[in-house]
Protein chains: 2
Amino acid sequence: MSASVLPRPETESPKRQAVLDAAADLFIAQGYGAVSMDAIARAANVSKATLYAYFRSKDQLFATIITEACQANLDWETVLPAHGQDVRAALTGFGRRMLGFVLHGRALAIHRVVLAESVRFPELGRAFYDGGPATARTLVASWLAEQASAGRLRIPDPEVAAEQLMALLRAGLHLRALLGVPPAPSEAGIDAAVAAAVATFLAAYGDGV
Amino acid sequence: MSASVLPRPETESPKRQAVLDAAADLFIAQGYGAVSMDAIARAANVSKATLYAYFRSKDQLFATIITEACQANLDWETVLPAHGQDVRAALTGFGRRMLGFVLHGRALAIHRVVLAESVRFPELGRAFYDGGPATARTLVASWLAEQASAGRLRIPDPEVAAEQLMALLRAGLHLRALLGVPPAPSEAGIDAAVAAAVATFLAAYGDGV
DNA sequence: GTCTATAGAAGGATAGAC
DNA sequence: GTCTATCCTTCTATAGAC
C-alpha cells in the first residue's frame with residue numbers, strides 16, 4: 001500500500017537496527033532534548049546521512065523508539081497472580097513481580113521520558129498508558145473477578161479494585177524511585193511494601209481470611 | 001557573608017522578578033530543553049545580558065525556578081482533614097482538596113518537569129519530594145495517629161497508612177492526568193475516586209463504622 | 001546505501017558602549 | 001544595570017561523491 005521513500009521498517013537492515021538500538025539507549029537514558037542526532041550516529045557507528053536515510057527527523061525517530069519501548073515493556077501474563085494458589089500468596093507474588101518490574105532502571109527511565117514529553121508528543125502518553133497500566137489493570141481486574149466468583153474475595157467493582165491494588169503496591173516506593181530520592185529500593189523494602197499493600201487490600205476486600 | 005558578584009536575591013529588582021516570572025512560566029510549561037535563554041529574555045522584556053547579570057547560567061536559573069516552585073507549592077495545613085468531624089467526612093474533604101490540588105494544571109506541569117530533570121538535577125527530586133509528598137505524608141500520619149488515639153481508627157503504622165491513603169486517592173486519576181490520557185479529570189470523577197478510596201481505606205483501617 | 005563535508009539556523013554566553 | 005551586537009559552539013538536516 002505505502003510507496004514510502006524510506007526503507008520498509010520490516011526490512012532487516014543491520015545499520016537501521018544499530019540506529020534503533022543506540023537511539024533507544026540514549027533517548028531512554030537522557031530524554032529528547034539532551035540527545036543529538038550526532039550522538040546517535042556516533043553511538044550507532046553510522047553517518048548522520050545514513051541515519052536520515054532511515055528516519056525522516058529526530059521527532060519521528062524519537063516517537064518510533066519510545067512507542068516501541070512502551071509496547072515491548074513486559075509480558076504481563078507472567079507477572080499476573082497464579083490461579084490455583086492461596087489468595088494472599090498469589091497477591092504477594094504478583095506484587096513482588098510488579099514492583100520488581102516498575103522499579104527497575106529501564107522501566108523508570110521510560111516512565112520519566114514519556115511523562116516529560118507527553119505534552120509535546122501526546123500519542124506517547126497514550127501508548128505508554130495502554131501498553132502498561134491499562135493492560136495490567138484489565139488483566140488484574142479479571143483475575144480479581146474470578147477470585148470473587150470463587151468466593152475468595154468480595155469485589156464490588158473489579159476495575160476499581162485492580163486500580164487500588166496497584167496503587168497500594170506502588171504507594172511511596174515508585175515515586176521515590178522515579179525522583180531518585182534515597183534510599184534506593186531494596187529487596188527488603190519491596191517485600192515490606194508488598195506485605196503492607198496486600199494486608200490493606202485483603203482487609204478491605206478479603207472474605208474474612 | 002557572601003560577597004557574590006551577582007545581585008542579592010533579596011534585592012527587589014523589577015527586572016529580576018520579570019525574568020523569574022517569565023522563566024517560571026516557560027520552564028514549567030515546556031521543560032528545560034525546549035526553552036531557550038532567548039525566549040526567556042524576550043518574554044521578560046529584557047536583554048540576554050541583563051538576564052545573565054542576575055543568573056550565572058541556564059542551569060542555575062532553572063534550578064532556582066523549579067526549587068522555589070516546589071516549595072511554594074501548597075499550604076498543606078488548609079488541605080488536611082478537619083479535627084472535630086466525622087472521620088469519613090474528614091477524609092472525604094481531605095481527598096477532594098488533595099486531588100483538586102495535585103490534578104490542576106500547574107501542579108501537574110511541575111511534577112512532569114521535576115521527574116524529567118531529576119536525573120540531571122538530583123536536588124530537584126529531593127526538593128519536590130520534601131516540599132510535597134513527604135510533608136503531606138507526615139501531616140496526614142499525625143492526623144491519623146490522633147484519630148487512632150481517639151479510638152476512631154485502628155492504625156498500626158501511621159506513616160504507612162498515610163502513604164496508602166494518598167496512594168488510594170491518586171490511584172489511576174493522577175497518572176492519567178500526568179500523561180494527558182483522556183478523559184480529563186472532572187468534579188464527578190474526582191468525587192467518585194475519593195469515595196472509592198475512602199471506602200477502601202475505612203474498610204481496612206476503620207473501627208467498625 | 002553509505003560516506004564526508006557543509007549549509008543554515010539556533011543555542012548559550014560575553015564584550016563593550018552608555 | 002542595561003542595552004546592542006557578536007562570538008563560538010552545537011544542532012538539524014541535506015548535497016554530492018562513491
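Sequence lines set the chain letters: A, B, ... in the order given, protein chains first and strands last, and positions in each chain run from 1. Keep in mind it's a predicted model, so treat the numbers as computed, not measured.
- Using a 4.0 Å cut-off between charged side-chain N and carboxylate O, A/R126 and A/D130 make a salt bridge.
- Note on residues 168-190 of chain B: pairs passing ring-ring contact (aromatic ring centres under 6.0 Å, His included), not counting sequence neighbours, are B/H111-B/H174.
- Put simply, CD on A/Q60 is 14 Å from C1' on D/dT12, counting in whole angstrom units.
- To the nearest angstrom, P of C/dA13 lies 10 Å from CG of B/L51.
- Not counting sequence neighbours, the partners of B/D21 by the side-chain hydrogen bond (donor to acceptor under 3.5 Å, both in side chains) test are B/Q17.
- Residue B/T50 places none of its side-chain N or O atoms closer than 4.0 Å to OP1 or OP2 of D/dT2.
- Side-chain N or O atoms of B/R88 include none that pairs as donor or acceptor with a backbone N or O of B/V198 at under 3.5 Å.
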Using a cut-off of under 3.5 Å, enumerate the N/O to N/O pairs linking the protein to nucleotides 10-12 of chain C.
{"from": "C/dG12", "atom 1": "OP1", "to": "B/K58", "atom 2": "NZ", "distance (Å)": "2.8"}
{"from": "C/dG12", "atom 1": "OP2", "to": "B/M37", "atom 2": "N", "distance (Å)": "2.7"}
{"from": "C/dG12", "atom 1": "N7", "to": "B/K48", "atom 2": "NZ", "distance (Å)": "3.3"}

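- As a whole-Å value, the separation of A/F55 CZ from C/dG1 P is 12 Å.
- Taking every side-chain heavy atom of B/Y54 into account, D/dT2 is the closest of D/dT2, D/dT14, C/dA15.
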Derivation of the salt bridge (Lys or Arg N to Asp or Glu O under 4.0 Å) call for A/R170 and B/E163: CA-CA 10 Å; A/R170 284 192 294 264; B/E163 196 96 82; over 6 Å; no
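- A cation-pi contact links A/K58 to A/Y32, judged by a cut-off of 6.0 Å to the six-membered ring centre and 45° from its axis.
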